[in-house]
There are 2 protein chains.
Amino acid sequence: MELSERKKRILAAVVEQYIKTGEPVGSKNLLKVLDMNLSSATIRNEMAELSSMGLLDQPHTSAGRIPTSNGYRYYVDNLMGSQEIDETLRKKIEHAVSGAGTDPDKLLKKAGEVLADMTNCAAVSTMSVGENASIRRIETVPVGSHTAMIILLTSTGILKSRICRSDSEISTPLLERFYNITSALVGKSLGEVNITTMQTLAASMGSDAFSMLPLLAGVTELADEAAHMDVRLNGQSNLLNYRELEANVYELIDFLRRGEPLGHLITNGKSGVNITIGKENKFPQLENSSVILSRYSVNNQDGGSLGLIGPTRLDYAKLIPSVKYLTDLVGHILTKALEE
Amino acid sequence: MELSERKKRILAAVVEQYIKTGEPVGSKNLLKVLDMNLSSATIRNEMAELSSMGLLDQPHTSAGRIPTSNGYRYYVDNLMGSQEIDETLRKKIEHAVSGAGTDPDKLLKKAGEVLADMTNCAAVSTMSVGENASIRRIETVPVGSHTAMIILLTSTGILKSRICRSDSEISTPLLERFYNITSALVGKSLGEVNITTMQTLAASMGSDAFSMLPLLAGVTELADEAAHMDVRLNGQSNLLNYRELEANVYELIDFLRRGEPLGHLITNGKSGVNITIGKENKFPQLENSSVILSRYSVNNQDGGSLGLIGPTRLDYAKLIPSVKYLTDLVGHILTKALEE
DNA sequence: GTTAGCACTCTTAACGCCTGAGTGCTAACT
DNA sequence: AGTTAGCACTCAGGCGTTAAGAGTGCTAAC
């Protein structure tokens with residue numbers, strides 16, 4: 001779709017104005033912002049055409065225009081200025097993240113918080129990796145005479161641990177034998193830890209099998225857990241501030257709370273920044289929202305993603321670079337933390 | 001404050017009716033529920049007295065009555081029936097919790113979820129212990145040549161772990177020496193892990209001090225983290241459903257999100273079930289809400305708490321036993337999991 | 001002490017009215 | 001042919017009025 005230069009300017013102005021005020025923008029109002037030597041009537045004509053092209057919409061006949069999903073899309077793809085991050089935001093991000101240390105869990109938590117705060121939207125963060133991440137290490141630590149802790153570390157630095165209890169006594173030599181047996185799993189992907197693999201392992205345990213079974217079950221659970229998307233949500237309540245979402249906030253927040261469909265959204269993202277605007281979303285609960293998601297990589301492997309969910313009326317020009325910057329930073333920190 | 005038998009019945013009926021419908025209850029309406037041989041006029045007289053005693057209130061002159069905080073309080077303390085848990089709820093709780101295994105983190109998460117679901121309120125759960133819990137074990141596990149994982153286990157079964165990175169190489173013998181040094185901390189309370197203790201430890205490290213410092217810092221952080229209340233919040237969005245909270249939901253949800261004041265609330269609770277109704281709450285954000293909190297113990301030590309936050313119009317008779325049952329169950333499971 | 005009856009209060013919804021913002025269209029202008 | 005002034009039209013939102021309904025408090029009688 002090719003637009004005249006003037007239409008582009010008008011569309012951009014409508015989008016930006018609406019993002020700023022949240023009010024439908026009318027022709028006269030636009031005149032003030034545009035400083036083109038035109039009358040409101042001309043603008044009206046142009047806006048009418050943009051409407052019939054499906055880029056602008058009117059809430060009702062006698063109201064100004066607001067951008068449609070397609071309108072935002074055109075703006076984001078073709079008109080939006082500066083892909084550079086705002087200096088103030090950069091500092092804010094750096095300041096928040098630098099205080100979080102290198103522990104992935106803490107780091108992601110902090111990243112989600114700063115994102116939600118900064119954008120006044122809901123933020124999601126995940127450390128998931130899908131099933132392609134591999135097991136880097138499995139450790140056991142005796143805790144009591146019948147309990148042991150199992151620790152699983154993935155190639156992307158995710159740490160999962162669990163206390164397991166066995167009915168029979170757990171001795172240190174037993175744990176050593178268990179360690180040797182499970183070391184066969186190191187290097188395998190999380191997806192490969194399935195019933196078959198575990199049965200093979202169990203078979204090699206001989207007389208230890210009975211005592212080791214709870215531990216082995218623990219390992220399976222941990223692998224499952226690590227592979228399973230762990231979605232963290234921040235700042236849902238920010239969404240309550242947006243008039244345009246009001247009608248369905250409850251549905252929206254409820255949708256976000258059930259992490260699972262959100263997982264889909266995240267998994268489907270390509271690398272780089274993914275932007276889904278309004279009706280482009282597959283989920284009806286999101287049809288009035290936009291989602292900006294970006295993945296980060298740890299050790300050149302996909303490490304997880306960060307993103308935000310807000311009204312379609314987002315300040316894309318500002319937020320997209322911020323999200324990108326934040327994810328890159330997180331990926332960088334985590335990679336460095338894992339360096340040998 | 002002593003009430004006539006008839007006033008008691010009327011107050012109880014108003015409370016129960018209002019809990020059920022959420023509408024101010026009028027004299028005629030009450031008549032249907034009460035099946036006493038009285039006219040609405042008599043009831044009106046009684047209600048007028050209950051109002052002047054501060055137990056009932058009117059939203060406006062021509063509306064029915066709703067209970068005041070004191071009214072609810074009187075009801076809970078003196079009038080409320082059955083402290084027995086509802087069989088359906090018991091099954092629901094047991095079913096949910098039994099699927100969660102014995103891992104404290106997972107268990108508490110599940111407990112919070114079921115509580116929020118069951119009650120249609122916001123649920124809080126914490127594994128905190130304050131600073132009196134002691135350190136049960138500190139373990140280190142090598143991860144890479146410059147990284148190690150530190151694991152801290154408390155007497156109440158809380159497990160905290162962290163990946164630490166040192167600029168100098170971390171060898172296995174070094175970790176062994178570190179283990180020996182830190183074993184001095186085992187048995188100490190979390191509160192005792194302060195700068196002074198750590199400096200003493202650092203002093204005993206000799207030439208290892210430089211390489212061990214990041215690890216030691218990690219231990220301190222973990223102890224802090226374990227001592228620090230970890231408040232988990234579920235089902236905030238449930239609160240959006242209550243008309244009577246509508247005016248301040250945003251403030252309320254925002255208040256809950258900042259876990260810290262919530263922490264106060266929780267810490268101040270006595271053992272057993274704590275109920276705070278409406279204006280009894282210290283925090284203005286909670287003046288239209290009620291809080292039901294209950295602590296659980298692990299190994300006869302205080303292990304944390306579970307609770308819910310909703311409108312004052314809660315079904316106390318049903319929820320109080322449920323919360324109590326759930327906390328007892330959680331405490332029981334966790335105690336058993338730690339048994340030697 | 002209880003009750004019937006009544007006047008009174010107050011909320012809520014519905015209705016009509018008005019205003020202001022904004023539009024689309026037409027006819028004139030450059 | 002593109003631009004503009006002007007005008008009739010539409011519609012949301014605010015405001016006051018009205019009517020209905022729920023519920024009360026009070027009084028006088030039982």
Side-chain angles (χ1 to χ4, degrees), chain A residues 2-11 13-18 20-68 71 243-244 246-247, chain B residues 2-11 13-18 20-68 71 243-244 246-247:
Chain A
E2 206 34 67
L3 298 183
S4 72
E5 207 50 44
R6 196 167 68 183
K7 281 205 180 58
K8 285 184 187 174
R9 281 189 63 183
I10 291 177
L11 177 57
V14 171
V15 170
E16 279 158 17
Q17 198 63 11
Y18 183 64
K20 215 195 273 175
T21 66
E23 299 290 329
V25 7
S27 52
K28 273 190 202 148
N29 215 312
L30 213 48
L31 259 189
K32 295 178 204 151
V33 193
L34 267 177
D35 83 328
M36 293 166 97
N37 259 340
L38 289 175
S39 76
S40 62
T42 312
I43 308 233
R44 277 206 291 284
N45 287 332
E46 292 284 49
M47 291 208 294
E49 284 187 56
L50 286 169
S51 286
S52 73
M53 295 166 87
L55 298 173
L56 293 180
D57 200 8
Q58 289 178 278
H60 52 266
T61 336
S62 73
R65 300 302 211 289
I66 63 178
T68 62
R243 249 207 276 34
E244 62 264 52
E246 202 160 276
Chain B
E2 204 33 66
L3 298 184
S4 72
E5 207 48 45
R6 195 167 69 183
K7 280 207 180 55
K8 285 185 186 173
R9 281 190 63 183
I10 289 177
L11 177 57
V14 171
V15 171
E16 278 159 19
Q17 199 63 10
Y18 183 64
K20 215 196 273 177
T21 66
E23 299 290 329
V25 5
S27 52
K28 274 191 202 149
N29 215 312
L30 213 48
L31 215 39
K32 294 179 206 152
V33 194
L34 266 178
D35 82 329
M36 292 165 98
N37 259 340
L38 288 174
S39 74
S40 63
T42 313
I43 308 233
R44 276 205 292 285
N45 287 332
E46 292 284 50
M47 292 208 294
E49 284 187 57
L50 285 168
S51 287
S52 72
M53 297 167 87
L55 297 174
L56 292 180
D57 200 8
Q58 287 179 279
H60 54 265
T61 336
S62 74
R65 300 303 210 288
I66 62 178
T68 61
R243 250 208 275 31
E244 61 264 52
E246 202 160 276

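Hydrogens, waters and symmetry mates are skipped; everything else that's a heavy atom, side chains included, is used. Lettering of chains follows the sequences in order, A, B, ..., and the numbering in each one begins at 1. Every value quoted in this text rests on a predicted model; they were computed, and no experiment measured them.
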For atom CG of A:Leu38 and atom P of C:dT30, their distance in whole Å: 17 Å
For atom CD of A:Glu46 and atom P of D:dT3, their distance in whole Å: 7 Å
Rounded distance (Å) that lies between atom P of D:dT4 and atom CD1 of A:Ile43: 9 Å
Pairs touching residues 48-57 of chain B that satisfy side chain to side chain donor-acceptor pair (under 3.5 Å), sequence neighbours left out: B:Lys7-B:Glu49, B:Ser51-B:Arg65
Value rounded to 0.5 Å, distance of CE in B:Met47 from CG in B:Leu11: 11.0 Å
Annotated protein contacts, base or backbone, on nucleotides 10-25 of chain C with a non-hydrogen cut-off under 4.0 Å, one of B, S, - each: BS---------BSBB-
Consecutive-pair stems (at least three Watson-Crick or G-U pairs, under 3.5 Å) that include DNA chain D: C:1-30 with D:1-30
Minimum side-chain heavy-atom gap B:Glu244-B:Ile66 below 4.5 Å: no
CD1 on B:Ile43 to CG on B:Leu31, rounded to 0.5 Å: 5.0 Å
Heavy-atom side-chain proximity of A:Leu3 to A:Leu55 below 4.5 angstrom: yes
Whole angstrom value for the distance that separates P of C:dT2 from CD1 of B:Ile10: 10 Å
A:Lys8/A:Glu2 ion pair, N-O < 4.0 Å: yes
d(CE, A:Met36; P, D:dT4) in whole Å: 11 Å
Shortest non-hydrogen separation from B:Tyr18 to B:Pro67 and the atoms involved: CD2-CD, 3.6 Å
Donor-acceptor contact below 3.5 Å, side chain A:Ser40 vs main chain A:Ser27: no
